Amino acid sequence: MRPFSYVSAPDVATALRAVADDPGAKFLGGGTNLVDLMRAGIEQPDTVVDITSLPLAEIGERPDGGVRIGALVRNSRLAAHPLIRARYPVLSQAVLAGASAQLRNMATVGGNLLQRTRCPYFYDRTAACNKREPGSGCGAIGGFNRGHAVLGVSGACIAAHPSDMCVALAALDAVVEVESVRGVRRVPMASFHRPPGETPHVETDLSPDELVTAVELPPSPTAANSRYRKVRDRASYAFALVSVAAALEVRDGTVTGVGLALGGVATTPWRARRAEHALLGAPATEESFRRAAEAELAPATGLPGNAFKIEMARRAVTATLRRLLTEGSPA
Amino acid sequence: MVEVRLRVNGADASLDLPPQVSLLDALRERLGLTGTKKGCDQGACGACTVLADGERINSCLALAVQYAGREITTIEGIAGDGPGHPLQAAFVRNDGLQCGYCTSGQICSAIGMLAEHGAGMPSAVTEHLCADGAELTDDEIRERMSGNLCRCGAYNGIVDAIREFAAAEAER
Amino acid sequence: MTSTPTAPTRTPSPVETGTGRSVGRPLDRVDGTAKTTGAARYAAEHPHPGLAHAALVHAAVTRGRITGIDAAGAEAVPGVLAVITHENAPAMKPPPPVSVLNLSSLASGSSVNYLNTDEVHWNGQPVAVVVAETPEAARHAAGLVRVSYRELPATVDFAAEEGNAVPQKSSALQSGGARKGDAEAALAAAPVSVDLRFTTPPYHHNAIEPHATTAVWDGDRLTVHEGTQNITWLRDHLALRFGVPVRNVRVVAPYVGGAFGGKTMVWAGTVLTVLAARVTGRPVRMALTREGVYRTVGGRTPSAQRVALGARADGTLTALIHTSVTQTGRTGGLPEQATSQSRHLYAAENILLRQNLVELDAVPNTPMRAPGESIGTFALESAVDELACALGLDPIELRMRNEPERNPVDGKRFAHRMLREAYALGAERFGWSGRTPEPGSMRDGGWLVGLGVASAYHPSWQMPANVTVRLSADGSVVVRCGFHEMGMGGATAQAQIAADALGVPFEAVRVEYGDSDLPSGPGAGGSAQTASVAASLLAACEKLKGSLLALARRSGGSPLRGRRPGDLEARDGGLWAGPAGPGETYAAILARAGRDSAEAAVGSDTRVGKVTGQLRFMSKLLRDRRRWVKAACGAHFCEVRVDPDTGEVRVSRWLGVFDVGRVVNAKMVASQLRGGIVMGIGMALSEETLVDPRNGRIMNPGLADYHVPVHADVPPIDVHCLDVPDPTMPLGLLGVGEVSVTGVAAAIANAVRHATGRRVRDLPVTPDKLL
């Protein structure tokens, strides 16, 4: 790991100033991703600004009935919080499906939003990777790509977004609150992560000096009937091949509310708008679910290693909606 | 170099460290507490699990400097002043180990896990998220312990040891 | 049911019949407390004053010559003591050529003389080592060493090279192939047949303890702390490479944090740590990173296999063809015997077995738990299951109809074989009769349920071992032998054996192991360590009792005067003439003779003694193998659940019934057998080393991306041992370490076939293959 200087910020203003003054500075939260990337030589900050002392670790109810989650709330606390379990079970399940209990005790909500891909070519400094080293090429396109994306891909990058939490946040229409010395702004999840296009190294809408301070969940009656389904190569402690965050509201056999997002299959946490559109107002049947899934995956493009994800995602979407319809919420 | 005041197993230690030193390396290389193991150094095996203020963490992904002032408990400290922690004896009785290299992490993790379960935290296999005090089934133990790899495959014995210890604790 | 022929019986001693008080008991392992309290110190955990730390620099090209090394950036890092490259490294003797007269010559993981050459033979080969005051400085500086290369063409794609494979040679220890009758013609004529191709990917051991070495030179004396499976090989190898007498090298390895074959050979990290200590004049430790293990230590070869079976309508096998292609590295690697079990498992009338090899520019492969049989049983036992489907026969019934009376390829006798008994007992305990044969016919809620079986088979071996036993006047016993403890519980088992052989309490016996200062032990390999040590230990105990009796007879007043060894039994801490007869304690014998202790030794560690021992071993081995086929075997029963939507497979139930001969410690034996099954579950469902076919680089060198089973993948595993001693092996032991991983992948694939109707022939059985 490249040596760096360490600053522990006592308050938000100090933290923001520290990065505004130093383009080589990085915020350090739980460290579960950044420390790993620094050890692998992928991230090489000059200064690490430790933000874990900032007062951003609260979860509270908002006046409108929504919930505000501080950026430094640990993943395990988020999943266990009564408001999240009862009103947004998909978020609780998504967080619990990620990593291990030890990592969830360390990892923060803000850090999880900024989690970087697990693409092996990104992690291997001897390999070509446009994300790590713009212009160097993509090792994955002609190499191992079983874990890679089929949606939102470009000729420059097919790396899958690794987060489970973000998939649930996408389905829930969450809004990310960010702050810098220039002030506070709010970014909807839908535009927080950026598809790779020709600039795969640009992964989010954040400027380098901006700090995620909170995530807000809007009130949603649909969200109470929601669940997360993760398909992976072993029963626990593995990244998703395909994951589905789904919220479903059905009245008199008709879909009246739906939130759907996919993980493991896309370069960003993938809001499934086409499927949602196909479902709203449609009869809540296996056939509608299947048709919605097909609509969502229609633009997907697979490679020999990962084309299976297209059918796997269709099936996982259908099965998750079916289960929500028949069994209801896990809350 | 930064001065890092660690509190490990009830004792204070002041170390001058470059900030890139992990809590794991501070324990093993600086404090001689080699009971905590390094299996992957990337948060993928759980051998380095210690308790920070009673919560289990992977010490390999923790910078030591970030944990200054926190109460760190390692395998060497879990028994406190006692002759041994009953979970250690349960591991031996149930043969929840073979080579022993993952064992410290398994035991520290299990202690943290039981505290989490006791506090009503759900897991990925918890059927009803809002039902506090759900039973600690074998499926729950296995899911909650999945962050600790054992390549010798002593998983059955580990689950037996944890179940036996948890049942004895519940009796008390 | 026909009984298998058994070997002629000898009169067993009490210890052999298990009537002793320690052997057979499920005692707690003696090092359990050290391992659960963190007190056990592994190779990277021994403090030394002035200790420096080393880190490797790996080649970033696959094959070529180094044209330049720029170490300036690394040398400028504060705390760096040395950057050692081929430009400045002192000369080391090259690894020795392999010779059957010197088993230690097998120790080299690769023939590369690291840092003594500008040649790069695989992607990741070490090209420099950095030594620094702290591990952080060493690792950071290693990342700053700039190496330039002239690249050369490389052969790295196993699948592409398969067609260029050449026949594998036979040797005294390995068989290359076998032929009985005309199997191809019989196959063509068979009314029912299957002809299937299987592939298995490369796998890695992934012991949770990465390879680590601490090396300390004192003049020309060297002490090495190393997690090794073969102390003797390592000591001899280092003495040769660094040009010092063998007696000057001490290897200390009391705890090994898992190995599974990966710590058998001597790999780059070990040699280069010793080199770094020599260059810097400091004690040096190098703990490899997990990635470093993947780049410098071999794994299991990939394989492509064909199994073709022909049968009559009643299931009688008329043809068995099993051919394999596996790989070795250009600079070394053990050719795997993927068809090994196919020599022994089925009484086919015509048999053709052939093994082929390709050589790649890759880190040499190396044994990993049951090399050969673990991948070979996947192919054979899957094909047998498929044949059962084709015949409409129950897969156990098909196996029983083809259970051989004698070894199928050559008619040799089985020393012992209880596969029928294993299946009969297993079927009953598992509830096999509740299985409905139609694929997809069993369900539990939304899950498809499948039940599968497969046979496990692993040859039994015995190696030479030198042992001393000392009995003191206070009744304590010390057994000394430089064997290895990687989790098998060797010290516990040998203490149990010694306790019964001498008739003393288990608690009175202490076993010293894991140190080259002790009498030379066997390597921990081939599932042979326990039996090998036990043979010498039993002989040493007999000698010791003989000396004690002689002492007693020489001194006046002993109740043992006039007694012969055959009249006496060892119990209650002494020798007694029968259950009620006269006798006396060892303490009394020693006291009367004015002695503090008595000692007996088996084997010699002098140069002549070692050569004699090896020759005796080789001739006994060859004689034995001409006469008998010896093996552990077993029957796996597994239940899987398959999600019909996503293809996810979960193992929900397991039973293994094993014939491993005598069981010394039921608790530890069960643990070790379960461990093999867990490794087999990983092999079947989730493990795979990804080698980029474009450049041979391993792309998932870590535990996040190489998926070994986690707690949630492993159901309760029921293990049952038949516990019948083999009449030809020491104490009746057939070996426990490897047999249980064999057959596991096939049992799972067979259960998946039953659940889904889909036959997956390419491991691992990941969800995408079942969509």
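Since we're looking at a predicted model, the values are computed, not measured. Each chain gets a letter, A, B and so on, in the order its sequence line appears, and its residues count up from 1.
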Of the backbone (N, CA, C, O) and the side chain (C-beta and beyond), which part of S329(A) lies under 4.5 Å from a heavy atom of chain B, both, or neither? neither

Around R5(B), counting heavy atoms of other residues, nucleotides and ligands shown, do more than 12 lie under 6.0 Å from its CZ? no

Could you tell me which portion of L28(A) (side chain, backbone, both or neither) has an atom closer than 4.5 angstrom to a non-hydrogen atom of chain B? both

Test item: R85(A) side-chain N/O and C130(B) main-chain N/O as donor-acceptor pair under 3.5 Å: no

Interchain contact, T52(A) with chain B, by part (heavy-atom threshold 4.5 Å): side chain

Less than 4.5 Å apart, side chain to side chain, heavy atoms only: is that true for E127(B) and P330(A)? no

Leading residue by heavy atom contact count with chain B [cutoff under 4.5 Å; candidates S5(A), P82(A), G30(A), A101(A)]: A101(A)

More than 12 foreign heavy atoms under 6.0 Å from CZ of R39(A): is that the case here? yes

So which part of A79(A) gets closer than 4.5 Å to some heavy atom of chain B, the side chain, the backbone, both or neither? backbone

Residues in residues 163-172 of chain B that sit under 4.5 Å from chain A, counting heavy atoms only: none

Residue selection (most heavy-atom pairs with chain A, distance under 4.5 Å) from V2(B), N148(B), V65(B), L63(B): V65(B)

side-chain contact (heavy atoms from CB on, under 4.5 Å) for L61(B) and Q102(A)? Distances and angles first, verdict last. CA-CA 10 Å; L61(B) 292 182; Q102(A) 288 93 317; over 6 Å; no

If you measure from OG on S100(A) to CE on M145(B), what distance do you get to the nearest 0.5 Å? 10.5 Å

If you measure from NE2 on H81(A) to CE on M121(B), what distance do you get to the nearest 0.5 Å? 11.5 Å

Q44(A) atom CD, over 12 foreign heavy atoms within 6.0 Å: yes

Donor-acceptor contact below 3.5 Å, side chain Q66(B) vs main chain G31(A): no

Filtered by a 4.5 Å non-hydrogen cutoff, the part of residues 36-58 of chain B contacting chain A is D41(B), Q42(B), G43(B), A44(B), C45(B), G46(B), T49(B), E55(B), R56(B), I57(B), N58(B)

Please walk me through it: do L96(A) and L129(B) pass side-chain contact (heavy atoms from CB on, under 4.5 Å)? CA-CA 11 Å; L96(A) 292 170; L129(B) 283 175; 4.2 Å; yes

Below 4.5 Å, heavy-atom pairs only: which of S109(B), S22(B), S146(B), P122(B) has the largest tally toward chain A? P122(B)

Applying a strict 4.5 Å limit to non-hydrogen atoms, the region of F4(A) in contact with chain B is both

Less than 4.5 Å apart, any side-chain heavy atom of T126(B) and any of Q93(A)? no

